[in-house]
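Letters A, B, ... are given to chains in the order of the sequence lines, protein chains preceding strands, and every chain is numbered from 1.
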Amino acid sequence: MTQAPGMDEHAVDEQRLLASFESTIGRHDRIEPRDWMPDAYRRTVIRQVAQHAHSEIIGMQPEGQWIGRAPTLRRKAILLAKVQDEAGHGLYLYSACETLGVSRTELTEMLIEGKQKYSSIFNYPALSYADVGTIGWLVDGAAICNQVPLCRTSYGPYGRSMIRICKEESFHQRQGFELLAMMMRGTDEQRAMVQESVDRFWWPALMMFGPPDDDSPNTAQSMAWGIKRNTNDDLRQRMVDMTVPQADALGVTLPDPDLKWNEERQSYDFGAPDWDEFKAVISGNGPCNTQRIAHRRRAHEDGAWVREAAMAFAASSSVERVETPEETR
Amino acid sequence: MTDVSGEWPLYEVFVRGKRGLNHVHVGSLHAADDEMAIRHARDVYTRRNEGVSIWVVRSSDVTASSPDEKDPLFAPSGDKVYRHPTFYEIPDNVPHM
């Protein structure tokens, strides 16, 4: 057996594993939890999936505040179902993330200690009831744009969570659009409320796709590994092209003087979001960052006794079960 | 299985979509005990009538084949092409086969 000098068996092994990993990615096959993967791939998927899970969990807050104030029983039931879905989506994603060897406790701690991020959009407040509609239409619309290609992401459990989430997400967008359409058929005051809400959410919704491609250091590697399938700017363009006709149908104006159809590109040209604002919000200085994390921390800490009591109950009833003879059960 | 963090144990969830289908793995969740795992599975994985039956099993009770041994484990079936119907040549004029 000849072996390159200085190359121990371990390094040869790792090269063989890396080659097999890369050929799986090259075939557009999925990576599954027990497969060998480079540490950097594992870290990148953990970061992205955790950030996604945290967004779902924090995302319950702006809309959750409106459940009690929604105007009818129908609207309350819809909103309740939607917020419950966000919780479910967070749980699918946390469990996908845990397959990579990080625990739920660690993930929750990283969120409440600010060591992992969540989508910048949830640091904006939901000030009026029209915001419930706008969040459904624009924020969930942007989320769908982002999530549909992720159904084909290279990490198996992440892709499977995304498929489940996408199926449920379309109800979220449609209920938002329907709510706004109904308000647009109402009074002048209601129409003004919708327009004011769209004015506030349009740019933050476009920021949801992340920084522009020339300022997105992780994109190239994430695309090479098949974790991401499209660049931030591609997805942003797709969102704009999808939304303009919807805004027309609704009768609202999108607050961008540069927005116009480009015949040559067969796409809309549009202005640049305020990237300084984006950076401020993701680094903790948005309107609601402190409040969102404080709320999540409080819920976690207030729930500690419930988690402990359930464990104690489970431990005591499993002792009883062992002690109960078979024939009396 | 005692977890130092006090975290509820992990369960794998399987749902039968409708009568006539197998239970299929849909994901996992944490619960303090088996009964709670079923309740949580209902809330997390069947909010839209996705199932008629749920199985839950502690993740630590699942025994799986090792991905490292994938080749030796599945190799014995790889060279037995005669187990597939396409291995046999049947004249074109023989119907229904």
Side-chain angles (χ1 to χ4, degrees), chain A residues 13 16-17 20-21 24 31-37 80-99 102-109 156-158 160-161 163-165 167-168 171 303-318 320-321, chain B residues 1-18 22-51 54-75:
Chain A
D13 228 30
R16 189 179 51 82
L17 291 166
S20 143
F21 169 84
T24 305
I31 303 298
E32 293 296 344
R34 284 152 52 89
D35 289 338
W36 183 90
M37 61 191 89
L80 200 58
K82 182 179 185 246
V83 172
Q84 193 190 18
D85 272 354
E86 313 291 3
H89 297 177
L91 294 178
Y92 306 155
L93 289 162
Y94 278 134
S95 74
C97 203
E98 288 173 82
T99 61
V102 55
S103 76
R104 181 75 59 91
T105 311
E106 289 172 295
L107 289 166
T108 305
E109 272 163 15
Y158 187 30
R160 293 192 284 275
S161 304
I163 290 171
R164 190 169 283 276
I165 289 171
K167 273 189 202 158
E168 301 183 352
F171 133 62
W305 73 270
V306 178
R307 294 191 295 275
E308 286 158 19
M311 279 303 270
F313 177 78
S316 70
S317 52
S318 73
E320 259 168 50
R321 221 171 292 157
Chain B
M1 191 183 72
T2 318
D3 192 322
V4 280
S5 68
E7 198 168 87
W8 287 348
L10 193 64
Y11 281 82
E12 299 302 321
V13 181
F14 300 79
V15 171
R16 185 199 294 287
K18 58 181 185 182
N22 288 322
H23 284 78
V24 174
H25 183 243
V26 292
S28 55
L29 50 76
H30 291 273
D33 57 28
D34 299 357
E35 199 184 325
M36 187 195 273
I38 290 281
R39 286 173 194 276
H40 284 182
R42 184 205 55 191
D43 291 344
V44 177
Y45 291 104
T46 63
R47 287 192 299 285
R48 290 176 175 75
N49 301 320
E50 290 93 338
I54 299 173
W55 287 348
V56 292
V57 57
R58 286 268 192 118
S59 307
S60 57
D61 289 341
V62 173
T63 306
S65 65
S66 154
D68 291 344
E69 293 162 11
K70 187 179 67 183
D71 291 345
L73 189 66
F74 297 108

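- Taking NE2 of B:H30 as the reference point, atom OG1 of A:T105 lies at 7.0 Å (rounded to 0.5 Å).
- Inter-residue side-chain proximity for A:K167 and B:R48 is flagged as unmet; no heavy-atom pair is nearer than 4.5 Å.
- When heavy atoms are compared at a cutoff of 4.5 Å, A:R160 does not approach chain B at all.
- The heavy-atom pair separating B:A64 from A:R34 by the smallest distance is O-NH2, 3.7 Å.
- Within the 4.5 angstrom heavy-atom criterion, only side-chain atoms of B:E50, from C-beta onward, approach chain A.
- Formation of a donor-acceptor pair under 3.5 Å by the A:R104 side chain with backbone atoms of B:L29 is not found in this model.
- Using a 4.5 Å heavy-atom threshold, the side chains of B:E7 and A:S103 count as touching.
- Of all the heavy atoms in B:S28 and A:S95, the pair that sits closest is OG-CB, 3.2 Å.
- For B:R42, there are no salt bridge (Lys or Arg N to Asp or Glu O under 4.0 Å) partners, not counting sequence neighbours.
- Counting heavy-atom pairs under 4.5 Å between each of A:E308, A:Q84, A:E32 and chain B puts A:Q84 at the top.
- Between the side chain of A:Y92 and the backbone N or O of B:Y45, no donor-acceptor pair lies under 3.5 Å.
- Within 6.0 Å of CG in B:N22 there are 12 or fewer heavy atoms belonging to other residues, nucleotides or ligands.
- Neither the backbone nor the side chain of B:A31 comes within contact range of chain A; no heavy atom of the residue lies under 4.5 Å from a heavy atom of that chain.
- To the nearest 0.5 angstrom, B:M36 atom CE is 9.0 Å from A:F313 atom CZ.
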